[in-house]
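Worksheet for the structure shown next.
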Amino acid sequence: MSTAQAEISTILMDKVADWLNQSALAGSDLETLVKGFCERLAAAGLPLKRVHLSFSMLHPLYDALGFTWVRGQGMEVEGFRVEPGEPSDRFLTSPYYHLLSNKLDHLRRRIDPSLPPEFPIFGELALMGVTDYMAFVHPFSDDTSQGMIGSWSTDGTAGFSDSMISALLRIQSHLAIATKMAVLTKLADNMMTTYLGGDAGRRVLDGQIRRGEGDTIRAALVMGDMRGSTRLAATSGREIYIDTLNQFFDAVAAPFNRKGGQIMSFIGDGFIAVYPCERHRSQSEIACQAALAAAHQASARVMDLNLRRKQQGLSDIKFGIGLHVGNVMFGNVGLTDRLTFSVFGSAVNEVQRLQILTKKYPHSVLASKDFASYCGANSWLTLGHEELTGIKQKLTVLSPDLSGALALDEDGAIETIHDRKSEAEQVMLLHRDAARLSAGDPSKLQ
């Protein structure tokens, strides 16, 4: 960069602000917004080398999204999982921690590579040629649990001029407003996907929210249930019971939420999933074979889980799964002001009965003859013909050969959440728990 400080065009910065406003109104996603913003700042003449932005997120699975833009290298995006633990030494010696623990809005430092770095990150920035650094916190509201935190870095020889700092402070407010709208949009999408599933969530966001709205679809159906949960609830504490239930869902339910499968709802210690398909044989075969493959994976994952539970002195987790195929109603039912989005119909009742029959037969997975007919050359054992309440014809009950279920699926054993707290995640965890910091106990922040 030149030793002379660039003159910042107010007109071009106003154009960046206008773009932010228009993008927010158009519903641009957070990644598009941040990347476009950084590129436009650089195009407007701001000599930025690196921009880092993190946003706290209300989400069941993670706390923050982090974006790091480097001139000429594009942008890196990270999502940070919720994970208990103490803040890392790196974070405790970071400029973000200094800024938050002292309740500062901004922190600016010139970076001189000839001097020992005040914060470890400054050593890394010096290697990138950064000469000046400014960090900031920008809450979205009085509730400091939601907001934006980040930093600007320049490699200009003269560092940030007052006009550059003024421009950044002004545009920062526009960025906060635009990204808050994007965060809220992302929040709505996250919540719909997490609580309703991908397809149902999209339908609701697209306006399918009235009672009775929906479609009749054909689908491979899955009903799963954990065995012995009533006894476990009565003999174990709340935490043990919930932990065991979540282990069951991680092992058994997760495979049915991939490759075309959608878990529609969790019902106590059970779940129902669907594999939507068209009303012709080839699509039905794809859906049923995907559901059967997931049943194999679930069996393998439970075996792996129970081996580890045995090493811990815990009892085995047992389960029952019913597999069926048929037409179902897919849509909203309930009260006018309290709805649920799920599947309904006689085929749903039938797959539920199949799941219950796993208590009668010594097999953890049972399927209807209709389902089995779409599964090609897979080996099946016919167990009997059952009369189901409300159904005229007896239902032929079969069990698949699960001997090939010893190999875990391509994702490996049951997923574990790794402890990967980066500086950005630590920032957002601290930002969320700012009240505890003010109480004088930052070492216990999670």
Exercise for the section: Could you tell me whether the side chain of S236 and the main chain of L232 form a donor-acceptor pair under 3.5 Å? Expected result: yes
Problem - Centroid-centroid under 6.0 Å between Y133 and H52 rings - result: no
Practice task
Check the pair R309, Q247 against side chain to side chain donor-acceptor pair (under 3.5 Å), reporting the backbone distance first and the verdict last.
Solution key: CA-CA 10 Å; R309 286 178 61 86; Q247 287 184 20; 3.0 Å; yes
Problem - Heavy-atom closest contact (A291 atom, V222 atom, distance) - result: CB-CG2, 4.2 Å
Problem - Within 6.0 angstrom of L115 CG, more than 12 heavy atoms from elsewhere - result: yes
Practice task
With rounding to the nearest 0.5 Å, note down the distance linking CG in L41 to CG in L168.
Solution key: 7.0 Å
Handout entry: Residues that T32 engages under side chain to side chain contact (heavy atoms under 4.5 Å, CB included), provided they are two or more places apart
Key = D29
Practice task
Kindly write out the residues that satisfy side chain to side chain donor-acceptor pair (under 3.5 Å) with N306, not counting sequence neighbours, or none if the list is empty.
Solution key: none
Exercise for the section: Quick one: pull up OG in S94 and CD in E118 and give me the separation to the nearest 0.5 Å. Expected result: 11.0 Å
Practice task
Kindly write out the residues that satisfy side chain to side chain donor-acceptor pair (under 3.5 Å) with D112, not counting sequence neighbours, or none if the list is empty.
Solution key: S114
Problem - Derivation and outcome, side chain to side chain donor-acceptor pair (under 3.5 Å), residues E76 and W69 - result: CA-CA 6 Å; E76 179 183 350; W69 176 89; over 6 Å; no
Problem - Nearest-0.5 Å distance, CZ of residue F371 to OG of residue S284 - result: 10.5 Å
Exercise for the section: Kindly write out the residues that satisfy side chain to side chain donor-acceptor pair (under 3.5 Å) with T68, not counting sequence neighbours, or none if the list is empty. Expected result: none
Practice task
Kindly give the heavy-atom pair with the smallest separation between G159 and R110, and that separation in Å.
Solution key: N-NH2, 3.9 Å
Handout entry: Under 3.5 Å donor-acceptor, D243 side chain and E239 backbone
Key = no
Problem - Minimum side-chain heavy-atom gap R109-M134 below 4.5 Å - result: no
Practice task
Would you confirm whether Q289, through its side chain, and Y374, through its main-chain N or O, come within 3.5 Å as a donor-acceptor pair?
Solution key: yes
Could you give the side-chain donor-acceptor pairs of residues 13-22 under 3.5 Å, partners two or more places apart or in another chain?
{"unit_1": "N21", "atom_1": "ND2", "unit_2": "A17", "atom_2": "O", "d": "3.4"}

Exercise for the section: Specify the closest pair of heavy atoms between F136 and M148, including all atoms of both residues, with the distance to one decimal. Expected result: CE1-CE, 3.8 Å
Fill in the blank from the handout: Nearest heavy-atom contact between I321 and A298 is CD1-CB, 4.4 Å
Handout entry: Aromatic ring pairing F249/F271, orientation class (parallel under 30°, perpendicular over 60°, tilted between)
Key = perpendicular
Fill in the blank from the handout: Scanning both residues in full, the closest heavy-atom pair of A287 with Y275 reads CB-O, 3.5 Å
Handout entry: Student check: side-chain heavy atoms of L221 and I272 closer than 4.5 Å
Key = no
Practice task
Report yes or no: does S54 contribute a side-chain atom to a donor-acceptor pair with the main-chain N or O of G66 at less than 3.5 Å?
Solution key: no
Exercise for the section: Quick one: closest heavy-atom pair of A295 and L323, and the distance? Expected result: CB-CD1, 4.4 Å
Handout entry: D155 bridged to R71 by N-O distance under 4.0 Å
Key = yes
Completion exercise
Applying side chain to side chain donor-acceptor pair (under 3.5 Å) to R108 and not counting sequence neighbours gives D132
Handout entry: Flag side-chain contact, heavy atom, 4.5 Å: P255 against H296
Key = no
Handout entry: E39/K35 salt bridge by N-O under 4.0 Å criterion
Key = no
Practice task
Nearest 0.5 Å please: distance from the OH atom of Y97 over to the CG atom of L107.
Solution key: 14.5 Å
Practice task
Starting from the C-alpha separation in whole Å, work towards a yes-or-no answer on side-chain contact (heavy atoms from CB on, under 4.5 Å) for M226 and F248.
Solution key: CA-CA 7 Å; M226 187 173 80; F248 161 74; 3.5 Å; yes
Handout entry: Lys/Arg-Asp/Glu bridge criterion (N-O < 4.0 Å) met for D316, K318
Key = no
Practice task
Go through the steps to decide whether T154 and V130 satisfy the test side-chain contact (heavy atoms from CB on, under 4.5 Å), and finish with yes or no.
Solution key: CA-CA 5 Å; T154 182; V130 170; 5.9 Å; no
